[in-house]
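Treat the numbers as computed from the prediction; the structure is a model and nothing was measured. Residue indices begin at 1 and follow the sequence shown.
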Amino acid sequence: LQELSAFLIASRIPAGVPVTLGVPRGEFILRRFETPPVKARNLAVLVGFEMDRHLPGRREDFLCGWRVDGRTTDGGYHVRLGATRKAAIERPAALLRRATLAPASIQPETFALAELLRRASGVKGDALLVDLGYTSVGLDFIRKGRPELSWIVPIDDSQWWDASPVHAA
């Protein structure tokens with residue numbers, strides 16, 4: 001874990017760069033649902049109730065995000081919910097904080113990679129993808145819209161392995 005933190009700092013990835021944290025697909029919940037007709041000001045409360053129905057546990061144990069994907073024919077909303085257990089990202093988030101970085105987005109790793117590529121091709125700024133693995137962490141950094149580095153850092157830390165959301169094959 002120290003090697004990864006040292007690498008992030010030594011690479012001079014600027015503080016505040018948008019970080020997309022890719023979590024293993026098995027640790028990410030993606031649900032779509034429709035709401036009944038509701039006023040926009042009451043939508044967040046209704047989505048909260050829906051989260052309780054769609055998450056396999058207490059809502060407090062998850063980091064969640066949602067967005068409206070359109071309206072239904074009867075005046076409700078199409079909603080997309082994304083969530084991951086807080087425990088699955090505690091260690092990587094601590095590692096990022098030590099390097100003065102923070103996730104701007106947490107997505108399934110395949111979505112994260114696609115988002116990074118979209119951002120890289122359409123935005124002149126910097127972006128970092130952190131891809132969690134059981135024995136390694138992948139880092140892909142885009143500086144000014146161009147790929148600058150792609151690195152896999154091995155993790156030789158039993159605490160990481162025990163806490164990892166990805167298990168050895």
Student: Closest approach of Ile89 and Pro92, non-hydrogen atoms and distance?
Tutor: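 Nearest heavy atoms, Ile89 then Pro92: O-CD, 3.2 Å.
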Student: Only counting residues at least two apart or in another chain, list the ones meeting side chain to side chain donor-acceptor pair (under 3.5 Å) with Asp69.
Tutor: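 Arg67, Arg80.
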Student: So how far is it from Cys64 SG to Ile29 CD1, rounded to the nearest 0.5 Å?
Tutor: 8.0 Å
Student: Quick one: does His78's side chain get under 4.5 Å of Thr72's, heavy atoms only?
Tutor: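 Side-chain contact under 4.5 Å: yes.
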Student: Please list all pairs meeting salt bridge (Lys or Arg N to Asp or Glu O under 4.0 Å) that have one or both residues in residues 31-44, counting only residues at least two apart or in different chains.
Tutor: none
Student: Given side chains that start at C-beta, do those of Val19 and Ser105 come closer than 4.5 Å, heavy atoms only?
Tutor: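 Answer no - side chains too far apart.
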Student: Counting only N and O atoms by type, is there a donor-acceptor contact under 3.5 Å from the side chain of Arg71 to the main-chain atoms of Tyr77?
Tutor: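 Not a single qualifying donor-acceptor pair exists.
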Student: According to the salt bridge (Lys or Arg N to Asp or Glu O under 4.0 Å) rule, which pairs have a member within residues 44-55, sequence neighbours left out?
Tutor: Glu50-Arg53, Asp52-Arg59
Student: With sequence neighbours excluded, tell me which residues meet side chain to side chain donor-acceptor pair (under 3.5 Å) with Asn42.
Tutor: none
Student: May I have all residue pairs that pass ring-ring contact (aromatic ring centres under 6.0 Å, His included) and include part of residues 50-71, sequence neighbours excluded?
Tutor: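 Qualifying pairs: Phe33-His54.
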Student: Less than 4.5 Å apart, side chain to side chain, heavy atoms only: is that true for Glu27 and Thr84?
Tutor: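 In contact.
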Student: Nearest 0.5 Å, please: how far is CG in Leu55 from CG in Leu81?
Tutor: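 Rounded to the nearest 0.5 Å, the CG-CG separation comes to 5.5 Å.
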